[in-house]
Number of protein chains: 2
Amino acid sequence: MKVNFKNKSALDQFKLEKYKRGLKTSKKRSYIVQYFLAADRHYSIEELYDELRAEHPRIGYSTVYRTMKLLTECGLASERNFADGVARFEPIHRTHHHDHLICTGCGKIIEFTNRNIERLQQTIARKYKFVTASHKLELYGLCAACQKKKRKNS
Amino acid sequence: MKVNFKNKSALDQFKLEKYKRGLKTSKKRSYIVQYFLAADRHYSIEELYDELRAEHPRIGYSTVYRTMKLLTECGLASERNFADGVARFEPIHRTHHHDHLICTGCGKIIEFTNRNIERLQQTIARKYKFVTASHKLELYGLCAACQKKKRKNS
DNA sequence: GTGAAAATGAAAGTCAATTTCAAAAATAAG
DNA sequence: CTTATTTTTGAAATTGACTTTCATTTTCAC
Ligand SMILES: [Mn+2]
Ligand SMILES: [Mn+2]
Ligand SMILES: [Zn+2]
Ligand SMILES: [Zn+2]
């Protein structure tokens, strides 16, 4: 049976994926999925775990970890590895590639897309006869607020 | 005393840095430095350690590790963190920023620079009022050889 | 040479990520 | 509604790359 995801919500899509894998539905996992997908952040497991525990103190770290991995496999989350060495996950609401500006002062993350950069990347790949599968573009620096803060303290 | 590095070899520069820090010269460290700087690769500690041991079996992992950190502090090496989760070091022969194309099949790494991309990055940073300190641009895919290999096996 | 100071390396410690496994929860079968 | 089967859970153990420790060895200034 072919499945049309076009009219499915992300959560439904997740249930469907689970069904196809012979998974069972659990209260805790559903809560994690719903909470994560509703947010619009780049969560580390730890951060997500801490927030979830406020409401659901019996959720374990492993469950959060495994749920994020599941969502990533299902294509509902994307795992990001920025320079701080902690994996972060963001929901994929509508497939829509983007790159990141990251403030090394406060951790603020801004997303951007730039068609010209993407094009130039392809030109480079072609030049070296590579077929690219993915790329990573991250700009690290200080956001406006952190620049101001820094000026004050010096 | 101000030091002019312009006419110094990288190794001399290293000795100078060591001197300024009150370090002593050791046979093993010198060998590691000389071997590493002569190569033109992106070495992981492990890889470098294994190669060095072929000639100098008494060199320890810690010494290789510490020497690479030293070189990085001295500005003679640059630490890179690609997607495989293992830190790599490359000599900085002439200060010269570049980005990387990485083959996920064989590990081959190609360096490139692109002024237009750099410029566009600055435009983006400006747009969001960021002051960037560094950036990371990595293109992952298959090199020509690995594409061929893949076609054969399918 | 001698002694103070730095370098070394085996082993231990870190830290996030990942796996294990016995108990709990969900679902299928009766 | 039971009972049986399968999946899920979480505390604890393990992993793997990195980093530090500390007793011993090497370097080097005198
Ligand atoms: Mn994002
Ligand atoms: Mn390079
Ligand atoms: Zn900031
Ligand atoms: Zn290749």
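Note on naming: letters A, B, ... go to the chains in the order of the sequence lines (proteins, then strands), and numbering restarts at 1 for each one. We use all heavy atoms of the structure for the numbers below, so side chains are in, but hydrogens, waters and symmetry mates are not.
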Go through the structure and list residues passing side chain to side chain contact (heavy atoms under 4.5 Å, CB included) with [X], not counting sequence neighbours.
X      : result
A:R21  : A:L23, A:L70, A:E73
A:S30  : A:T25
B:R151 : B:Q147, B:K148

Margin query: Counting only heavy atoms and a strict 4.0 angstrom limit, can you tell me which residues of residues 79-88 of chain B come near DNA chain C?
Written below: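 Those residues: none at all.
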Next item on the list: Give me the bend of the helix from C:dG1-D:dC30 to C:dG30-D:dC1, using the axes of the five pairs at each end, rounded to 10°.
Entry: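 It comes to 20° between the two terminal axes.
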What heavy-atom pair brings [X] and [Y] nearest, and what distance separates the two atoms?
X      : Y      : answer
B:Q122 : B:T132 : NE2-OG1, 3.2 Å
A:N81  : A:E138 : O-OE2, 3.8 Å
A:T67  : A:T63  : OG1-O, 2.7 Å
B:S78  : B:R80  : OG-NE, 3.6 Å
B:C103 : B:L142 : SG-CA, 3.9 Å

Margin query: For DNA chain D, which residues of residues 42-61 of chain A approach it to below 4.0 angstrom with any heavy atom?
Written below: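 Residues of residues 42-61 of chain A under 4.0 Å from DNA chain D: A:R58, A:I59, A:G60.
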Check: Quick one: hydrophobic cluster around B:V86, which other residues, with the 4.5 Å side-chain cut-off, linked directly or via members?
Finding: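 Hydrophobic cluster check, B:V86: no partners found.
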Note to self: Suppose we screen for salt bridge (Lys or Arg N to Asp or Glu O under 4.0 Å). Which residues come up paired with A:K108, at least two apart in sequence or across chains?
What the structure shows: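 In terms of salt bridge (Lys or Arg N to Asp or Glu O under 4.0 Å), with neighbours along the sequence ignored, A:K108 is linked to no residue.
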Check: Once you round it to whole Å, what is the distance between C1' of D:dA17 and CZ of B:F89?
Finding: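 So the CZ-C1' distance, B:F89 to D:dA17, works out to 12 Å.
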Margin query: Reading DNA chain C in the 5' to 3' direction, which nucleotide is the first one with an atom under 4.0 Å from a heavy atom of chain B, and which is the last?
Written below: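 Extent of the interface on DNA chain C: C:dA4 to C:dA11.
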Margin query: Tell me if a side-chain donor or acceptor on A:H93 pairs with a main-chain N or O of A:P91 at a distance below 3.5 Å.
Written below: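 Side chain of A:H93 to backbone of A:P91: no pair is present.
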Checklist line | Backbone of B:R29 reached by a side-chain donor or acceptor of B:R66 within 3.5 Å | finding: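 Pair absent, no side-chain N/O of B:R66 close to backbone of B:R29.
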Notebook entry, point to check: Checking side-chain contact (heavy atoms from CB on, under 4.5 Å) for the pair A:I102/A:D84: CA distance, chi angles, key distance, verdict?
Noted result: CA-CA 11 Å; A:I102 299 141; A:D84 67 353; over 6 Å; no
Checklist line | ring-ring contact (aromatic ring centres under 6.0 Å, His included): pairs with one or both residues in residues 123-154 of chain B, sequence neighbours excluded | finding: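 Qualifying pairs: B:H97-B:H135.
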Margin query: Considering only residues two or more places apart or on different chains, which pairs with a residue in residues 35-51 of chain A satisfy side-chain hydrogen bond (donor to acceptor under 3.5 Å, both in side chains)?
Written below: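 Counting only pairs at least two positions apart or across chains, the side-chain hydrogen bond (donor to acceptor under 3.5 Å, both in side chains) contacts touching residues 35-51 of chain A are A:Y35-A:E51, A:R41-A:E47, A:R41-A:E51, A:H42-A:E90, A:H42-A:H100, A:H42-A:E111, A:Y43-A:E51, A:E47-A:R88, A:Y49-A:R53.
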Atom pairs, protein N/O to nucleotides 21-26 of chain D N/O, distance under 3.5 Å:
from   : atom 1 : to    : atom 2 : distance (Å)
D:dT21 : O4     : B:R66 : NH1    : 3.2

